[in-house]
Trainee: 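Got a structure for you, questions after.
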Amino acid sequence: QVQLVESGGGTVQAGDSLRLSCAASGSTSIRYAVGWFRQAPGKEREFVVAISWRGGSTFYADSVEGRFTISRDNAKNTVYLKMNRLKHEDTAVYYCAAGVGVAFYSASRYYRAEAYTYWGQGTQVAVAS
């Protein structure tokens, strides 16, 4: 079992930056990939970004490519999401999710919510236009 706790959300102005954190606890010796998803009011959950266990591979949604950066510090069992040049349309609840490495047998799996086993409770990001 892995427990995930997100932090770092808040309300900012368009163009500002935020850094979200996803701290893992529990069976953190398991090699797991981590993804961030978001869900805006009235919309379906969507993929944002993901990172492989070693951090050597990252995957971004087109809507955030070039503005968001994911990184991880395995010594601290924490994954970070740096969000720059935030837009009003980035407003959503952001969830981090973790999945065991064997579930990610192809790059496309990183984009799929069903590949992830563990989910955090989410952190709200609101971007005022």
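Nothing fancy with the numbering, it's 1 onward along the sequence.
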Trainee: Is there side-chain contact between Y94 and M83, with at least one heavy-atom pair below 4.5 Å?
Mentor: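 Sidechains of M83 and Y94: in contact.
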Trainee: Would you give the length of the straight line joining atom CG of L18 to atom CG of N84, rounded to the nearest 0.5 angstrom?
Mentor: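 L18 CG to N84 CG: 9.5 Å, rounded to 0.5 Å.
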Trainee: With a 6.0 Å cut-off on the ring centroids, do F104 and Y116 count as close?
Mentor: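 For F104 and Y116, the ring centres are under 6.0 Å apart.
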Trainee: Determine, using ring centers only, whether F59 and F47 are less than 6.0 Å apart.
Mentor: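 When the ring centroids of F47 and F59 are compared, they turn out to be at least 6.0 Å apart.
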Trainee: Do C22 and Y80 touch side chain to side chain, with heavy atoms closer than 4.5 Å?
Mentor: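 C22 vs Y80: side chains apart.
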Trainee: Please find the pair of heavy atoms, one from W119 and one from A113, that lie closest to each other, and give the distance.
Mentor: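 That closest heavy-atom pairing would be CZ2-O, 3.6 Å.
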Trainee: Taking the cut-offs as 6.0 angstrom to the six-membered ring centre and 45 degrees off its axis, would you call R45 and W36 a cation-pi pair?
Mentor: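 No, a cation-pi geometry is absent between R45 and W36.
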Trainee: Rounded to the nearest 0.5 Å, how far does CZ of R67 lie from NZ of K82?
Mentor: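 Between K82 NZ and R67 CZ, I get 13.0 Å after rounding to 0.5 Å.
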Trainee: Between T91 (side chain only) and E89 (backbone N and O only), is there a donor and an acceptor less than 3.5 Å apart?
Mentor: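 Absent.
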Trainee: In Å and rounded to the nearest 0.5 Å, what is the CD1 to OG distance from I51 to S57?
Mentor: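 Rounded to the nearest 0.5 Å, the CD1-OG separation comes to 9.0 Å.
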Trainee: What are the two closest non-hydrogen atoms of E114 and R112, and how far apart are they?
Mentor: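 E114 and R112 have their closest heavy atoms at OE2-NH2, 2.6 Å.
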Trainee: Please examine the side chains of F68 and D90, heavy atoms only from C-beta on, and report whether any two atoms are closer than 4.5 Å.
Mentor: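 Answer yes - side chains close enough.
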Trainee: Name all residues meeting the side-chain hydrogen bond (donor to acceptor under 3.5 Å, both in side chains) criterion together with N74; count only those two or more places apart in sequence or in a different chain, and write none if there are none.
Mentor: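 So N74 forms a side-chain hydrogen bond (donor to acceptor under 3.5 Å, both in side chains) with R72.
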Trainee: Cluster question for you: counting only ILVMFWY and a side-chain heavy-atom cut-off of under 4.5 Å, with indirect links fine, are F37 and V64 together?
Mentor: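 F37 and V64: separate clusters.
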Trainee: Identify the two heavy atoms, one from R38 and one from S63, that lie closest to each other, and give their separation to 0.1 Å.
Mentor: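 Taking every non-hydrogen atom into account, NH2-OG, 3.5 Å.
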Trainee: Could you pull out every donor-acceptor pair under 3.5 Å between side chains of residues 6-14 and any protein atom, sequence neighbours left out?
Mentor:
residue	atom	partner	partner atom	Å
E6	OE1	Q121	N	3.1
E6	OE1	G122	N	2.9
E6	OE2	C96	N	2.9
E6	OE2	G122	N	3.2

Trainee: Should T69 and V49 be marked as a side chain to side chain contact (heavy atoms under 4.5 Å, CB included) after you check the CA-CA gap, both sets of side-chain angles, and the distance that decides it?
Mentor: CA-CA 8 Å; T69 303; V49 61; over 6 Å; no
Trainee: Linking I/L/V/M/F/W/Y whenever any side-chain heavy atoms sit under 4.5 Å apart, do V2 and Y110 land together?
Mentor: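 Per the 4.5 Å side-chain linkage, V2 and Y110 are not co-clustered.
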Trainee: Kindly indicate, with the supporting measurements, whether the criterion side chain to side chain contact (heavy atoms under 4.5 Å, CB included) is fulfilled by Y95 and T123.
Mentor: CA-CA 7 Å; Y95 300 90; T123 185; over 6 Å; no
Trainee: Roughly how far, to the nearest 0.5 Å, is the CD atom of E46 from the CD atom of E44?
Mentor: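 If I round to the nearest 0.5 Å, the distance is 10.0 Å.
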Trainee: Hydrophobic cluster membership, with links at side-chain heavy-atom distances under 4.5 Å among I/L/V/M/F/W/Y: are V127 and V48 in one?
Mentor: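 Same hydrophobic cluster.
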Trainee: So which atom in I70 and which in Y60 form the shortest heavy-atom distance, rounded to 0.1 Å?
Mentor: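 Heavy atoms of I70 and Y60 come nearest at N-OH, 3.0 Å.
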Trainee: Counting N and O atoms only, with roles assigned by atom type, does the side chain of H88 sit under 3.5 Å from a partner on the main chain of A128, one being a donor and the other an acceptor?
Mentor: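 A pair under 3.5 Å: no.
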Trainee: Is the side chain of R31 donor-acceptor paired with the backbone N or O of R54 at a distance under 3.5 Å, no angle test?
Mentor: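 It does not hold such a pair.
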Trainee: For S21 versus T78, what's the shortest heavy-atom pair and its separation?
Mentor: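 Distance-wise, the nearest heavy atoms are CB-CG2, 4.2 Å.
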